[in-house]
Amino acid sequence: MDLNLRGRRALIAGASKGIGLAIANALAAEGCHVQLVARTKADLDKAAAALHAEHGVEAEGIAADLSTRAGVQAVASACGEVDILINSAGAIPRGTLLEIDEDRWRAAWDLKLFGCINLTREIYRAMCERGSGVIVNIAGLAGERPDAHYIAGSCANAALIMFSKSLGGDSIRYGVRVLAVNPGPVETDALIAHTKRLAKERFGDEERWREVMHRVPMKRAATVEEVSSLVAFLASDRCSYISGSSVNIDGGLLSDSAIGVRRA
């Protein structure tokens, strides 16, 4: 299916690895020119060169710390016109209320939550003036399925979901669509490292890490390509009547009685 995205300009935050990089690749494959944002310039330059070589689109990296006001403003100044904004930056540590102290909690939220809100504010303004644009915020299933052992992430994801719904319910009046996407477990480097630790604890062998997922409905995590394909579809005109919505990609986990990865 041609998503009719060719020639559009996408800004992807958190694009040097994992889900963000996969989204950049999916959009570039559809013909979008892409700008990648992360903290490490070397990683961005490598990713941008690979995307340009494979898909023939314009691709560049913008190194910035989106947890700071200066970083957000630097990206907004450098990126030019944006048709699609993907907010995928930030990783929040697991832990209970007693394990995550204030400094770690604030640092995680400054990037994942406030970084998203602040970058959206900067890009959204120009989209409204132009009368078109799509913003997709990568939140997470914990925002729908709270986990006391991932309390900072559960709360941040819930806030991102509500932010997306609140803004998207009004933004469409100006021709701008805003959505949230909530992945469940996704086979990223971080998830693999986590499940390897669990496999070592449970089975005495970290190489059995895939077995940790066997109690979830599909007996595996999602691939980054499955998430990025959904995001590309939602960013396209094929979904032109969707705004202010939150879309789960969880392999049935939310509606299943099976318990999550932490206790799987």
Side-chain angles (χ1 to χ4, degrees), residues 3 5 7-16 18-28 30-38 44 47-48 51 57-67 69 71-90 111-140 159-161 163-183 227-228 230-237 239-240 242-247:
L3 297 181
L5 290 172
R8 298 189 190 182
R9 296 192 171 274
L11 178 68
I12 305 102
S16 63
I19 293 173
L21 180 56
I23 293 170
N25 186 69
L27 292 174
E30 292 293 330
C32 289
H33 304 301
V34 294
Q35 293 177 303
L36 318 179
V37 182
L44 291 171
L51 291 171
V57 298
E58 297 174 16
E60 66 170 328
I62 304 173
D65 181 357
L66 293 176
S67 69
R69 182 179 302 174
V72 169
Q73 292 176 344
V75 171
S77 298
C79 67
E81 187 173 288
V82 175
D83 299 302
I84 301 166
L85 170 63
I86 309 294
N87 283 303
S88 184
L111 179 57
K112 172 99 186 231
L113 179 56
F114 291 109
C116 169
I117 292 170
N118 292 335
L119 184 59
T120 296
R121 183 185 294 110
E122 295 296 327
I123 304 304
Y124 177 68
R125 181 181 294 108
M127 285 182 171
C128 288
E129 291 172 354
R130 196 170 62 248
S132 65
V134 180
I135 299 169
V136 181
N137 299 318
I138 309 302
L160 273 181
I161 292 167
F163 169 70
S164 304
K165 289 182 175 182
S166 299
L167 184 60
D170 186 63
S171 66
I172 198 64
R173 303 174 190 275
Y174 307 99
V176 180
R177 296 191 297 114
V178 182
L179 308 99
V181 169
N182 305 316
V227 178
S228 63
L230 171 64
V231 173
F233 179 65
L234 291 172
S236 76
D237 292 343
C239 292
S240 58
I242 301 177
S243 185
S245 295
S246 172
V247 182

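- Taking CD1 from Ile12 and SG from Cys32, the interatomic distance works out to 8.0 Å, rounded to the nearest 0.5 Å.
- Note: Phe163 CZ to Leu113 CG = 8.5 Å, rounded to the nearest 0.5 Å.
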| query | Does the side-chain contact (heavy atoms from CB on, under 4.5 Å) test come out yes or no for Ile135 and Ile123, once each step is laid out? | reply | CA-CA 9 Å; Ile135 299 169; Ile123 304 304; 5.5 Å; no
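- When all heavy atoms of Ile161 and Gly140 are compared, the closest pair comes out as CD1-O, 4.1 Å.
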| request: Report the C-alpha separation of Ser164 and Leu179 in whole Å, then their side-chain angles, then the decisive distance to 0.1 Å, and conclude whether the side-chain contact (heavy atoms from CB on, under 4.5 Å) test is met. | output: CA-CA 5 Å; Ser164 304; Leu179 308 99; 5.9 Å; no
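- Leu51 places a side-chain heavy atom less than 4.5 Å from the side chain of Leu36.
- In this structure Arg125 satisfies the salt bridge (charged side-chain N to carboxylate O under 4.0 Å, His left out) test together with Glu122, sequence neighbours excluded.
- The two residues Gln35 and Ile62 come nearest to each other via the heavy atoms NE2-CD1, 4.2 Å.
- Heavy atoms only, all atoms of each residue included: Leu44 and Ser16 are closest at CD2-CB, 4.2 Å.
- For Val75 against Ala64, the heavy-atom pair with the smallest separation is CG2-CB, 3.5 Å.
- Ile86 pairs with exactly one of Val37, Leu11, Ile23 by the side chain to side chain contact (heavy atoms under 4.5 Å, CB included) rule, that one being Ile23.
- Here the side chain of Asn137 pairs no donor or acceptor atom with the backbone of Ala180 at under 3.5 angstrom.
- Heavy-atom minimum distance, Ala10 versus Leu27: CB-CD1, 3.8 Å.
- Considering all non-hydrogen atoms of both residues, Gly90 and Leu111 come closest at CA-CD2, 3.6 Å.
- The CD1 atom of Ile172 sits 8.0 Å away from the OG atom of Ser240 when rounded to the nearest 0.5 Å.
- With hydrogens and angles ignored, the 3.5 Å screen pairs a side-chain donor or acceptor of Arg130 with a backbone N or O of Val82.
- The backbone N or O of Phe233 lies less than 3.5 Å from a partner atom in the side chain of Ser236, making a donor-acceptor pair.
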| request: Mind running side-chain contact (heavy atoms from CB on, under 4.5 Å) on Leu5 and Asp83 for me, showing each step along the way? | output: CA-CA 10 Å; Leu5 290 172; Asp83 299 302; over 6 Å; no
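- In terms of modelled atom types and a separation under 3.5 Å, the side chain of Ser88 and the main chain of Ile138 share no donor-acceptor contact.
- Met127 contributes atom CE, which lies 10.0 Å from atom OG of Ser171 (distance to the nearest 0.5 angstrom).
- Between Glu30 and Arg8 there is no salt bridge, since no side-chain N of the basic residue sits under 4.0 Å from a carboxylate O of the acidic one.
- Among Asn118, Val72, Asn87, the single residue meeting the side chain to side chain contact (heavy atoms under 4.5 Å, CB included) criterion with Leu66 is Val72.
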| side-chain contact (heavy atoms from CB on, under 4.5 Å) between Leu160 and Lys112, worked out | CA-CA 9 Å; Leu160 273 181; Lys112 172 99 186 231; 3.8 Å; yes
